[in-house]
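One structure is given below, encoded as structure tokens.
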Amino acid sequence: FMQKTSKEKRSIFRRIKRQYSKGIRNIIHRKGHGVHSPYVFNFIIRVIEEKARYYAYDKIEEQYKQLKIQSKKGVVPKPQTLKYYKLLYRILNRVKPQHVLECGSDCGLVDTVFFLTNAEVQLTRVEESNYNTEIPAYYTTNPLSDLIYIHKQTHEGYKQIYNLSSSKIKETSVIIVSGIRSTKHSYTNFEEFASNKTIKVTIDIYDYAILVASPKLNKQTFKIGF
């Protein structure tokens, strides 16, 4: 067997560290243990930990299977976990956004989940190559978003979104960020964005984060196992 390069060794180490960190979090931070915010505790129990079978899961599972097959053939990007898409559905079912700004894209299942939640949702997607022009243009022609969905990005993509949207967060907005630990600097940039005074609650579920803007909540960050 060929000897592994330093880069390969670092990659293996990061994967092991990641799985260990997630495992420890899943043991300690489940079922709302240690959470004293009634809003967040209810969100954990009723949304993140919800076990009910929603009718929309059938459609999500069906499309997910098709996308897994297509991704192996290189037709579409690799989807995220089925567990995540179901969680996204529960979040959207709870928040019920009407105006959504989607930054980046994946295999298409995220959009399906949005429309399963609300067939009349006003969904606007902008791609990374056009952030500097299309995000400002969006805010000049649309109401402030009920929800901003940020797909996994390059380092520069995250910076552009954060800089362009930080002043456009209304007091009832929810922001979902995917891939917050995907690069060396992504979490540091995310923390800076989450410090925005309008954002009150940050729910960090390791790979993703849910940010809630509300004048009724205290500024707090919660790390949750999922």
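Because the structure is predicted, anything quoted here is derived from the model rather than measured.
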Testing the basics here: between [X] and [Y], what is the closest heavy-atom pair and its distance to 0.1 Å?
{"X": "P79", "Y": "K68", "answer": "CG-CD, 3.8 Å"}
{"X": "I176", "Y": "L88", "answer": "CD1-CD1, 3.7 Å"}
{"X": "P143", "Y": "Y138", "answer": "O-OH, 3.9 Å"}

Testing the 3.5 Å rule here: is there a donor-acceptor pair between the side chains of [X] and [Y]?
{"X": "Y85", "Y": "Q63", "answer": "no"}
{"X": "H155", "Y": "N189", "answer": "yes"}
{"X": "Y162", "Y": "Q153", "answer": "no"}
{"X": "E128", "Y": "T154", "answer": "yes"}
{"X": "E127", "Y": "S105", "answer": "yes"}
{"X": "S178", "Y": "Y149", "answer": "no"}

Residue R46 excluded, over 12 heavy atoms near CZ under 6.0 Å: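 No, because the 6.0 Å sphere around CZ of R46 holds 12 heavy atoms or fewer from other groups.
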
Non-neighbouring partners of E61 that pass salt bridge (charged side-chain N to carboxylate O under 4.0 Å, His left out), sequence neighbours left out: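 E61: salt bridge (charged side-chain N to carboxylate O under 4.0 Å, His left out) contacts with R53, K86.
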
Salt bridge (charged side-chain N to carboxylate O under 4.0 Å, His left out) partners of D106, counting only residues at least two apart: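 Checked D106 against salt bridge (charged side-chain N to carboxylate O under 4.0 Å, His left out); zero matches.
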
Is there a side-chain contact between [X] and [Y] (heavy atoms, below 4.5 Å)?
{"X": "Y139", "Y": "L144", "value": "yes"}
{"X": "L116", "Y": "K59", "value": "yes"}
{"X": "L164", "Y": "P136", "value": "yes"}
{"X": "Y39", "Y": "V212", "value": "yes"}
{"X": "I205", "Y": "K223", "value": "no"}
{"X": "I210", "Y": "V174", "value": "yes"}
{"X": "P97", "Y": "L92", "value": "yes"}
{"X": "I135", "Y": "I161", "value": "yes"}

Candidate pair Y208 and I203, rule side-chain contact (heavy atoms from CB on, under 4.5 Å), full reasoning: CA-CA 9 Å; Y208 319 95; I203 302 175; over 6 Å; no

Y57 and Y89 aromatic ring geometry - parallel, tilted or perpendicular at 30°/60° bounds: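 Aromatic pair Y89/Y57 classed perpendicular.
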
F190 and Y187 aromatic ring geometry - parallel, tilted or perpendicular at 30°/60° bounds: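 Aromatic pair Y187/F190 classed tilted.
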
Y84/D207 under side-chain contact (heavy atoms from CB on, under 4.5 Å): CA gap, chis, key distance, verdict: CA-CA 10 Å; Y84 172 71; D207 296 305; over 6 Å; no

Six-ring centre of Y54, R90 cation under 6.0 angstrom, axis tolerance 45°: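 Because its charged atom misses either the 6.0 Å distance or the 45° angle limit, R90 does not stack over Y54.
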
Verdict with supporting geometry, K170 and D146, side-chain contact (heavy atoms from CB on, under 4.5 Å): CA-CA 8 Å; K170 67 179 183 178; D146 302 309; 2.8 Å; yes

Evaluation steps, side-chain contact (heavy atoms from CB on, under 4.5 Å), between L211 and V201: CA-CA 6 Å; L211 309 175; V201 168; over 6 Å; no

